[in-house]
Amino acid sequence: MKHFITFLFVASLLILGFIALNYIWHWIPIDYTGLIKVFISVLVLIFIGTGLAMVISAAYGRKDNQQDVGKKD
């Protein structure tokens with residue numbers, strides 16, 4: 001599941017980056033109305049959701065590696 005979330009994050013990042021660069025440089029003529037706006041909105045939601053999922057899973061999945069730091073014997 002972790003790899004699937006990472007794949008979705010990277011894929012949505014690459015697609016959004018291409019769409020943004022295409023919007024600036026006009027490589028491929030795309031009409032940015034209607035269905036394309038919905039598609040971009042879904043990609044942004046997937047990007048934000050998978051990014052938050054990775055951050056939250058990393059925060060809660062970390063083990064305490066240094067439990068004895070600061071203890072005196």
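Residues I5 and V42 do not share a hydrophobic cluster, defined by chaining ILVMFWY side chains whose heavy atoms lie under 4.5 Å apart. Both V44 and L52 are part of a single hydrophobic cluster, where members link through side-chain heavy atoms under 4.5 Å apart. In this structure, I48 is not a member of the same hydrophobic cluster as L8, with clusters built from ILVMFWY side-chain heavy atoms closer than 4.5 Å. One hydrophobic cluster, built from ILVMFWY side chains closer than 4.5 Å, cannot hold both F7 and I46; they sit in different ones. Put simply, I36 and I24 are part of the same group of oily side chains (I, L, V, M, F, W, Y) that touch within less than 4.5 Å, one to the next.
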Going by atom type alone, with no hydrogens or angles, which donor-acceptor pairs under 3.5 Å involve a side-chain atom of residues 13-23 and a protein atom two or more places apart or on another chain?
residue, atom, partner, partner atom, Å
N22, OD1, W27, N, 2.9
N22, OD1, I28, N, 2.8
N22, ND2, I28, O, 3.0
N22, ND2, Y32, OH, 3.2

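Judged as a side-chain hydrogen bond (donor to acceptor under 3.5 Å, both in side chains), not a single pair has a partner in residues 2-15 (not counting sequence neighbours).
Under the side chain to side chain donor-acceptor pair (under 3.5 Å) criterion, S41 pairs with no residue, sequence neighbours left out.
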